[in-house]
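Every chain is numbered from 1 and lettered A, B, ... according to where its sequence line falls, protein lines coming before strand lines.
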There are 2 protein chains.
Amino acid sequence: MRRADGSVPGSVRRRLTRYLTYAQDLRSRGAEWVSSRDIAEGLGLTSSTVRQDMSFVDFSGVSKKGYETIGLEKVLTSMLGADTVWNCVVVGAGNLGAAIARHEEFARRGFSIQGIFDNDPRKTGRRVGALTVRPISEMPPFVGRHRTDIGILAVPAPAAQQVADLLIASGIKGLLNMALAHIVAPRRVAVMDSRIIVSLMELTHLIKYPPERGAGGA
Amino acid sequence: MRRADGSVPGSVRRRLTRYLTYAQDLRSRGAEWVSSRDIAEGLGLTSSTVRQDMSFVDFSGVSKKGYETIGLEKVLTSMLGADTVWNCVVVGAGNLGAAIARHEEFARRGFSIQGIFDNDPRKTGRRVGALTVRPISEMPPFVGRHRTDIGILAVPAPAAQQVADLLIASGIKGLLNMALAHIVAPRRVAVMDSRIIVSLMELTHLIKYPPERGAGGA
DNA sequence: TAGATTGTTAATCGATTAACAATC
DNA sequence: TAGATTGTTAATCGATTAACAATC
């Protein structure tokens, strides 16, 4: 059931990104068509879920053939905003922040890292890839001037909310939170958590207590 | 409703990690007690959800006071395996893999990075933090010898399944998948996805189509 | 045509929230 | 005691799966 405003339930959103990478992969390997059953088997879902999810997407399959991979890739790319360049800044020039700033994959995927900021005077002035680490005090005007869309929080947990507030006040549209802290933001600012340590803790729990066959896993 | 085998629904597992970091944070700031209402407000949940989740945890609150932060931290630490050292290897010595191998936070949290592997001859032999990058061919005996629990996949997507198969055959217990690929593994091997690019894509979708007030967000 | 696959409706299942007796 | 908070049961809500008519 497609919604008028294009929003989708969170459960569906999480799968749309997987459908996109799957479609890209298929197309790069020359497949022209893919059925809901193929997708389901490839990603560990049921074909019902796939078809139900597709009802949120403005794209129709063809009976007996399935979905055309080119079209599927195109519509999901647009829906997820992967056809746009998103201006990003990284806050925190530690191991993780620096790795993101240096990683070419982000630019390739449309996430342009415009600047990297840190308050540690031993880090400011250093070069990280093509960028120079600047003090956080320079961040608010920078974000305003460069029309930055996304702030990537790679700072220690105790600093995270403070930095988030600064980014929000500077007009950021979304935050990727890599810090081990819960970020509070007004509703107009999207927040997405992405934390390797948390994933590792979930993984160790999963190793210690494997889910009964069937029950909702990863 | 606590289960006999200690397993919990995935939805609850994801929140347990948050309760743990919240309890650690509270305790480090000197709080002795916390109520389900406090936790709910701190993490953006309802107190009902918190109490329901706590019924999966072998720990009781005290009426009129709430939960003792020390005890809560202790039981969640044990439940999530955060009181154990987990032996890890990183496969892929690119930006992300190297950042993980260098990051002290992992060791501090009980994730001991024992080795880092890569097939690129320009990378093997290089030092990354305290480790030396070894060729992937050395990985299987290494994993056997060091009783490695967890493999962290930081390789390009096309190589991910192949590397995963190698780790699985070597007796790994869990995989943290940072590659843009779906990993197929036998049921005895736990797999957890953790991908920054995917989180960014979900974030841009969230920016483009903000959920209606209420509906399931992050 | 026969068969495969979509799109959608209905049924099931699970997760969240509300409500409230029990407790300290 | 009165009031606050837990633990749990019941109600609601949402997500997944099953089923099947429509289609090519």
Can you tell me how far the CD atom of A:Q162 sits from the CD1 atom of A:I136, to the nearest 0.5 Å?
->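 Going from the CD atom of A:Q162 to the CD1 atom of A:I136 covers 8.5 Å.
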
With a 4.5 Å limit on heavy-atom distance, are the side chains of [X] and [Y] in contact?
X: B:D118; Y: B:I116; answer: no
X: B:R14; Y: B:L16; answer: no
X: A:N87; Y: A:F111; answer: no
X: A:E105; Y: B:L180; answer: yes
X: B:R27; Y: B:I70; answer: yes
X: B:I39; Y: B:L43; answer: yes

Heavy atoms within less than 4.0 Å of DNA chain C: which residues of [range] have one? Give them sorted by number.
range: residues 31-40 of chain A; answer: A:S35, A:S36
range: residues 61-75 of chain B; answer: B:S63, B:K64
range: residues 46-55 of chain B; answer: B:T46, B:S48, B:T49, B:R51, B:Q52

Run the numbers on A:L20 and A:E73 for side chain to side chain contact (heavy atoms under 4.5 Å, CB included), then give the verdict.
-> CA-CA 6 Å; A:L20 174 56; A:E73 183 184 350; 4.0 Å; yes

I need the [atom1]-[atom2] distance between [X] and [N], as an integer number of Å.
X: B:F59; N: D:dG7; atom1: CZ; atom2: C1'; result: 14 Å
X: A:L45; N: D:dA15; atom1: CG; atom2: C1'; result: 13 Å
X: A:R2; N: C:dT9; atom1: CZ; atom2: P; result: 14 Å

Please identify each residue that fulfils ring pair (Phe, Tyr, Trp, His ring centres under 6.0 Å) with A:H103, with sequence neighbours left out.
->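 Here the qualifying residues are A:F106.
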
Do [X] and [Y] meet the criterion of a side-chain donor-acceptor pair at a distance under 3.5 Å?
X: A:R51; Y: A:S36; value: yes
X: B:Y19; Y: B:D53; value: yes
X: A:T148; Y: A:Q114; value: yes

Taking Watson-Crick and G-U wobble contacts under 3.5 angstrom, with | marking pairs to another strand and [ ] crossing pairs, the secondary structure of DNA chain D is written ..||||||||||||||||||||||

What salt bridge (Lys or Arg N to Asp or Glu O under 4.0 Å) pairs are there with at least one residue in residues 76-104 of chain A, not counting sequence neighbours?
->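 Non-adjacent pairs meeting salt bridge (Lys or Arg N to Asp or Glu O under 4.0 Å): A:E104-A:R108.
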
